[in-house]
Chemist: 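Just dropping this structure here.
For clarity, every value in this text was computed on a predicted model and none was experimentally measured.
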Amino acid sequence: MNKKQKKMLARILIAAALLIGFNFLPFTGYVRFIFYLIPYLIIGYDILIKAFKGIKNRQPFDESLLMAIATIGAIAIALTGDGDYTEAIAVMLFYQIGEWFQSYAVGKSRRNISDLMDIRPDYANIEVNGKLEQVDPDEVEIGSVIVVQPGEKVPIDGIVTEGSSTLNTSALTGESLPRDAQEGDEIISGCINMSGVLKIKTTKEFGESTVSKILDLVENASSRKSRSEEFITRFARIYTPAVVYSAIALAVLPPLVRMLGMGLPAEWGTWIYRALTFLVISCPCALVISIPLSFFAGIGGASNAGVLVKGSNYLEILSQTKCVVFDKTGTLTQGVFEVNEVHHNQMEREQLLEYAALAESASSHPISRSLQRAYGKEIDRSRVTEIREISGNGVTAKVDGIQVAAGNSKLMDKLGVKWIDCHQAGTIIHMAVDGKYAGHIVISDIEKPHAKEAVHALRSAGVEKTVMLTGDSWKVAEHVAEDLGIDEVHAELLPADKVEKVEELLEKKHQKGKLAFVGDGINDAPVLSRADIGIAMGAMGSDAAIEAADIVLMDDDPLKIAKAIRISRKCLRIVYENIWFAIGIKLICLVLGAVGIANMWLAIFADVGVMIIAVLNAIRALFVKKL
């Protein structure tokens with residue numbers, strides 16, 4: 001809770017306590033008025049200031065002006081009548097409670113994206129007189145040679161001039177499989193050097209490097225995010241001027257007509273009283289409380305279902321979603337590589353996996369770890385000798401004195417071993433034992449248990465198109481898309497490419513239909529911000545993706561996307577029910593008030609009664625279990 005929210009909560013509590021306490025005071029007349037003016041100003045001074053500024057800026061007709069006139073009107077009636085100021089203060093109090101809930105729901109879950117985006121490098125290493133010096137990346141010129149040590153971020157794009165290593169590129173591509181880098185390879189900033197020392201000749205300035213572009217994309221995409229206007233504000237543009245001018249006309253015109261046209265007494269007091277009653281009836285209490293509460297209940301219901309929605313406007317956009325775009329790894333797949341199959345093996349499956357796991361035992365590479373998990377037993381390193389890692393190809397080693405090679409097809413070619421191609425999508429580890437081909441192991445990312453069901457559920461929820469974007473290879477991407485029933489797929493993409501694809505899809509989509517993007521990595525942050533609605537995986541997703549998103553799935557289950565859409569549609573249905581109900585009752589009572597049939601009791605029903613009914617209806621948005 002920020003300072004502003006704490007201050008508002010304190011104002012609400014103080015005003016409520018004073019309102020209750022003053023009911024027991026024996027004072028009457030102007031003394032009572034002055035006492036009640038204290039809680040009114042405590043809770044409503046900012047609304048009065050906002051209404052005054054609106055008039056001053058010639059944009060007066062919003063809910064602030066309506067609240068100001070309605071409550072001041074109610075105070076005026078009380079001052080000339082029975083001295084009951086509770087109505088006016090309670091209306092302002094309830095309005096501020098609704099506003100506070102709205103602010104708290106959004107503010108608690110929304111923080112600054114840039115604070116959490118830790119891919120920006122703090123320094124670059126330059127070798128001077130045999131020693132490394134840390135300098136600001138902005139100071140490094142094109143063509144300079146920088147040194148990146150294990151565990152450090154690559155600060156600037158360039159070409160490797162010396163050394164070889166494995167790079168963690170998940171922050172950029174979203175793929176958990178590291179990439180090998182060796183002399184002559186191009187390397188992009190933002191990835192993490194995992195093993196060897198690299199010397200890199202820079203090809204770009206820091207401001208033009210990949211990491212800077214990603215950060216820039218987030219900032220620019222955020223500024224272009226469409227925002228849905230609040231229902232109250234839209235409605236007030238028509239409703240506020242109409243009731244204000246009608247009240248003025250009701251107070252002035254009938255007395256003038258009676259006096260000048262009919263020769264009858266003007267009866268100013270009667271018509272001013274009717275106009276003030278008219279304003280009390282017109283008080284938007286039912287709307288300003290029930291509508292934010294409907295959204296708040298919808299957000300609460302979604303939260304109970306494991307879906308964090310960061311604001312009411314996102315529920316409205318989500319309810320209109322017609323196209324859902326997925327990032328693959330970590331969203332539709334688990335982002336964990338495991339051994340799927342063993343093909344063309346010339347020995348027992350377990351024995352082949354044993355040879356592979358022992359040969360790869362010196363590596364911390366995810367592929368090595370997946371082989372060791374598949375082996376499932378404790379690794380006895382004493383059985384392994386002469387381990388030799390061949391960068392970009394694989395490893396060779398002696399296991400129990402037998403020569404073993406595990407790697408890609410390039411390694412087999414180097415060793416002169418004839419290998420068999422694999423038709424299945426994934427990372428293929430070819431095995432040679434004692435100089436002979438022993439089969440190959442298929443390692444691939446596993447689809448999430450509910451991924452296929454999630455795609456079908458989206459169609460049932462009214463989504464017309466599903467798209468998958470990934471930095472992975474076309475072969476793997478097309479296999480996953482076909483298996484899950486995705487309509488369209490784009491592969492081998494960098495973050496900037498993903499933003500471009502989303503831009504294209506936004507241009508093609510129907511104007512009223514909205515586009516949602518679902519992702520989980522730092523690289524997804526720009527796309528999450530650019531889409532009409534961004535949905536992030538919360539349990540495994542990066543901080544940047546979660547902060548850039550509008551909706552977060554707390555348990556990483558893609559099946560929750562369709563549920564979130566159904567929750568949003570129920571919430572919007574309740575909101576519209578409350579709008580039509582409140583406006584309908586108000587209009588009927590306004591007509592009755594104008595002709596003098598309605599008194600203050602009916603005015604109170606039109607205000608408080610409608611509010612209670614609307615609030616009870618709004619609470620229905622909390623119940624989402626059966627959706």
Side-chain angles (χ1 to χ4, degrees), residues 12 16 63 66-67 70 87 90-106 228-240 243 280-305 307-320 461-462 551 563-593 598 601-627:
I12 289 169
E63 67 271 23
L66 198 57
M67 284 299 304
E87 171 76 13
V91 165
M92 189 69 84
L93 184 66
F94 290 140
Y95 175 76
Q96 293 285 38
I97 290 170
E99 288 290 294
W100 184 85
F101 273 125
Q102 182 88 334
S103 170
Y104 183 77
V106 177
S228 187
E229 288 187 276
E230 292 182 8
F231 285 108
I232 301 292
T233 305
R234 269 188 247 152
F235 168 70
R237 284 177 183 165
I238 301 168
Y239 181 76
T240 307
V243 296
V280 173
I281 292 170
S282 72
C283 174
C285 196
L287 291 172
V288 298
I289 293 173
S290 71
I291 291 171
L293 184 61
S294 299
F295 280 119
F296 191 71
I299 290 168
S303 179
N304 288 335
V307 180
L308 174 63
V309 183
K310 295 186 177 179
S312 58
N313 52 335
Y314 303 127
L315 275 179
E316 182 184 5
I317 297 169
L318 186 65
S319 70
Q320 300 163 10
I551 293 171
K563 180 151 193 172
I565 291 173
R566 290 194 293 271
I567 290 169
S568 69
R569 288 179 180 164
K570 177 180 179 179
C571 180
L572 264 292
R573 188 166 61 248
I574 289 170
V575 165
Y576 284 120
E577 285 170 3
N578 280 345
I579 286 174
W580 289 113
F581 170 70
I583 292 173
I585 297 294
K586 290 281 184 188
L587 289 175
I588 293 168
C589 293
L590 286 172
V591 172
L592 295 175
W601 288 106
L602 186 61
I604 290 168
F605 166 75
D607 179 20
V608 181
V610 170
M611 178 198 73
I612 291 169
I613 295 168
V615 164
L616 290 173
N617 190 41
I619 290 170
R620 290 197 303 117
L622 277 169
F623 306 109
V624 297
K625 281 186 179 179
K626 294 182 180 179
L627 288 181

Chemist: Tell me every residue that passes salt bridge (charged side-chain N to carboxylate O under 4.0 Å, His left out) with R620, counting only those two or more places apart in sequence or in another chain.
Modeler: E577
Chemist: I need the minimum non-hydrogen distance between I12 and L93, along with the two atoms involved.
Modeler: O-CD1, 3.6 Å
Chemist: Looking at K570, R569, K563, which hits side-chain contact (heavy atoms from CB on, under 4.5 Å) with R566?
Modeler: K563
Chemist: What are the two closest non-hydrogen atoms of L318 and A564, and how far apart are they?
Modeler: CD2-O, 3.3 Å
Chemist: Work out which heavy atom in C571 is nearest to a heavy atom in L315; give both atom names and the distance.
Modeler: SG-CD1, 3.8 Å
Chemist: Of all heavy-atom pairs between L572 and S319, which one has the smallest distance, and what is that distance?
Modeler: CG-OG, 3.8 Å
Chemist: Atom CG in N578, atom CD1 in I613: separation rounded to 0.5 Å?
Modeler: 10.0 Å
